[in-house]
Amino acid sequence: MTAALTIHAAFAGHIAAALDALEAAGTLPDGLNRAAVAVEPPRDPSHGDLATNAAMVLAKPAGLNPRALAELLVAELTKVPGVASAEIAGPGFINLRVDAAAWIAELRAIAALGGDYGRSTMGQGSTVNVEYVSANPTGPMHMGHCRGAVVGDALATLLEFAGHKVIREYYVNDAGAQVDVLARSAHVRYREALGEAVGDIPEGLYPGEYLIPVGQALAAEFGDTYAKAPEADWLVPFRTRAVAAMLEMIKADLALLGIHHDLFSSEAELQAAGKPDEAEKWLRAHDLVYDGHLEAPKGKTPEDWEPVVLPLFRSTKFGDDQDRPIKKSTGEWTYFGADLAYHFQKAQSADALVDIWGADHAGTVKRIKAAVAAMTGAEGKPTPFEVKLVQMVQLMKGGQPFKMSKRAGNFVTLADVVEMVGKDVVRFTMLTRKPDAQMDFDFDKVVEASKDNPVFYVQYAHARIRSTLRKGAAEGFAPDDAALDRLGEEELGLIKLAAQFPRLVEAAAVAREPHRVAFFLHDLAAAFHAYWNVGNDRPEKRFIVAQDAALTSARLYLATQIGQLVRNGLALLGVEAVEEM
RNA sequence: GCGCCCGUAGCUCAGCAGGAUAGAGCACCAGAUUCCUAAUCUGGGGGCCAUGGGUUCGAAUCCCGUCGGGCGCACCA
């Protein structure tokens, strides 16, 4: 085992080798599907360090009794260096105990790999495009956007760590009706900046004060040229400038959360480049777009429903409930028509696509998945594409739901919340539950009870470690690996937990679930705090034992690596590891 | 009416591609501070994993039904 091969990976290999040996001996048939074979720490530590279900999973297809197969495997596994014992338990689990030396080696692996401990080659360098946020460029980021932004960003980082190349992309919807509304709203602010008394912002326009500087900039640039001009004269230049200004604002908001996209793709540019036309042409040639009648919405046919003929994409062929229009009767592209071309474009430069959407767009998942399958699957190998939905965040204030309204201008901006509670709290809070469950975000609770926020619990563990190392250094002790054999059961327990990080990273990346990292860090911090407190009653269990330099150095070495691991995990979440609290 | 998501302790939530006796935080009760940071720790009470079936050696986890909550069901984005 090399220093870089972590213990769980090594044992997955040992079990595979044991199975190979049984195959070679003819005991097991060739070509058994081993996908369900797992190596994991047993829930109950008294069962050992690692357990595998291999015998139970493979017994039936091999036509063997699980315990009989387990005995054969045990015979192979006891030969593996570092295995102290292998026992059969329950219906056919194999429980393994691993020598202390193997865990010490894992600790050295953390030291050797440092910030790369847990990094995986699983992704094999394949490129994953993660599209997230993609909020309409009509105003500042508000809390409704926050969860998708944080989850998408953490997922992107996680995928990189798991061996993928990642493109972080933001799709700018700068071609629809809502950016025309933005332009008109900016025009009002423009006239206002020129000194006109505009009164209340008209119904249907964006009343937010964030457009005042945009109006001023337009007045400075154009003077009164467009004050009385017809909309057709100014709509395009105003729209362009207003969208650009909104995008700058959004980027600044995202930066507050530590989020930076690699690529901002413009829907308007996509259309100008004729991408949707190309897509339509291709789809028509493959009989995937046809001119047909749009069906009335199921279950609630509007009274004024009039069937019209529109170009429809055959999404029902790919599992959707009805075929979807790609153009409006005005000849403009629908959102879907452009989005379809956009996803095809993304697929050209990525091996897999992931979209992070709010749950309010759940109804459009099937059609876009259908589109990607149709357009990338022509040669039989569709680009893998997932839409991860983040559920709604219910904003609360003092235990009461807090309704946001763009029109009333009382929406809660992301910038305000970050200013109130800090980036780390916002990010960690968004990552301490799985994305597909709804969550409440109560300002009062998060602000008041911020000390109870799990993020501080984890950061505190790191701060304690750093503090201890500083104190040790002041007293003349440095971390050293010369006497790691002095570490006992409590210390090995910490290492055993730490050793799960690499497989956790892989599992979280495969499941596209960055929240698992947050929970792991909480568990790790809990184990560390518990160990720390043992030293309250028993001074000989403290990190620094002044009269025993060798032991102190070994424990400081352990502390150093645990601190490293906390940093690695927090880095995946985009949360700071603090030196002191 | 249809589609998607969810239902686990009083509350907020985990439960690792079905696995051994279902966990954590908060809240509640009882303890630990001459000590490396008590923003911490130890112990306790508290569960028909919404519900009824099914699949199998084994189900909180997979399948079907029911109930409850959320989101959606445009030529909007």
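Small disclaimer: the values here were computed from a predicted structure and weren't measured. Labels below follow one simple rule: chain letters A, B, ... track the order of the sequence lines, proteins then strands, and each chain is numbered from 1.
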How long is the line joining [atom1] of [X] and [atom2] of [N], in whole Å?
X	N	atom1	atom2	value
A/R512	B/rA17	CZ	P	14 Å
A/L389	B/rC5	CG	P	8 Å
A/R538	B/rU42	CZ	C1'	13 Å
A/Y531	B/rA32	OH	P	24 Å
A/H522	B/rC13	NE2	P	15 Å
A/F519	B/rC16	CZ	P	12 Å
A/L497	B/rC16	CG	P	17 Å
A/R433	B/rC16	CZ	C1'	19 Å

Does any donor-acceptor pair link the side chain of [X] with the base of [N] at a separation under 3.5 Å?
X	N	result
A/H361	B/rA77	yes
A/S467	B/rC36	no
A/D174	B/rA77	no

Counting any heavy atom closer than 4.0 Å, what does [X] reach on the DNA or RNA strands: base, sugar-phosphate only, or nothing?
X	value
A/Q178	sugar-phosphate
A/A89	base
A/T364	base
A/R542	base
A/A508	nothing
A/D537	sugar-phosphate
A/A51	base
A/N173	sugar-phosphate
A/M439	sugar-phosphate
A/E580	base
A/A362	nothing
A/N95	base
A/D360	sugar-phosphate
A/Y457	sugar-phosphate

Quiz item: More than 12 foreign heavy atoms under 6.0 Å from CD of A/E489: is that the case here?
Solution: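 Counting other residues, nucleotides and ligands, CD of A/E489 stays at 12 neighbours or fewer.
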Quiz item: Above 12 or not: heavy atoms from other molecules or residues under 6.0 Å from CD of A/E490?
Solution: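 Yes, enclosed.
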Quiz item: 5'-most contact on RNA chain B: A/D436 or A/T468, nearest heavy atom basis?
Solution: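 Nearer the 5' end of the strand: A/D436.
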Quiz item: More 5' along RNA chain B: A/A437 or A/F543, using each one's nearest nucleotide?
Solution: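 Result: A/A437.
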Practice problem: For B/rG52 versus B/rC2, give the span between their P atoms, rounded off to a whole number of Å. | Solution: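 Nearest-Å result for B/rG52 against B/rC2 at atom P: 24 Å.
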Quiz item: Can you tell me how far P in B/rU37 sits from the matching atom in B/rG25, rounded to whole Å?
Solution: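 Each nucleotide's P atom is 23 Å from the other's.
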Practice problem: Check the pair A/R555, A/Y531 against side-chain contact (heavy atoms from CB on, under 4.5 Å), reporting the backbone distance first and the verdict last. | Solution: CA-CA 12 Å; A/R555 289 207 179 132; A/Y531 174 71; 3.3 Å; yes
Quiz item: Shortest non-hydrogen contact from A/L310 to A/S329?
Solution: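 Taking A/L310 first and A/S329 second, the nearest heavy atoms are CD2-N, 3.5 Å.
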Phosphate-side-chain proximity, [X] and [N], N/O vs OP1/OP2 below 4.0 Å:
X	N	value
A/K327	B/rC75	no
A/W532	B/rA38	yes
A/Y335	B/rA77	no
A/H515	B/rG15	yes
A/R464	B/rA39	no

Practice problem: Check the angle between the aromatic planes of A/Y342 and A/Y171 and answer parallel, tilted or perpendicular using the 30° and 60° thresholds. | Solution: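 Ring orientation of A/Y342 relative to A/Y171: parallel.
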Quiz item: Using the ring of each side chain (for Trp, its six-membered ring), is A/H142 parallel, tilted or perpendicular to A/H145, with breaks at 30° and 60°?
Solution: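 Geometry flag for A/H145 against A/H142: tilted rings.
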Exercise. Measure the CG-CD1 distance between A/L96 and A/I15 for me, rounded to the nearest 0.5 Å.
Key: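 One finds 6.0 Å between CG of A/L96 and CD1 of A/I15.
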Exercise. Write down the partner of B/rU34 under the Watson-Crick or G-U wobble criteria, each distance required to be under 3.5 Å.
Key: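 B/rU34 is unpaired by these criteria.
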Quiz item: Is A/F93 stacked on the base of B/rA20, meaning ring centres closer than 5.5 Å and planes within 30 degrees of each other?
Solution: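 Check passed, A/F93 stacks on base of B/rA20.
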Exercise. Return yes if a side-chain donor-acceptor contact under 3.5 Å exists between A/N173 and A/Q178, otherwise no.
Key: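 No.
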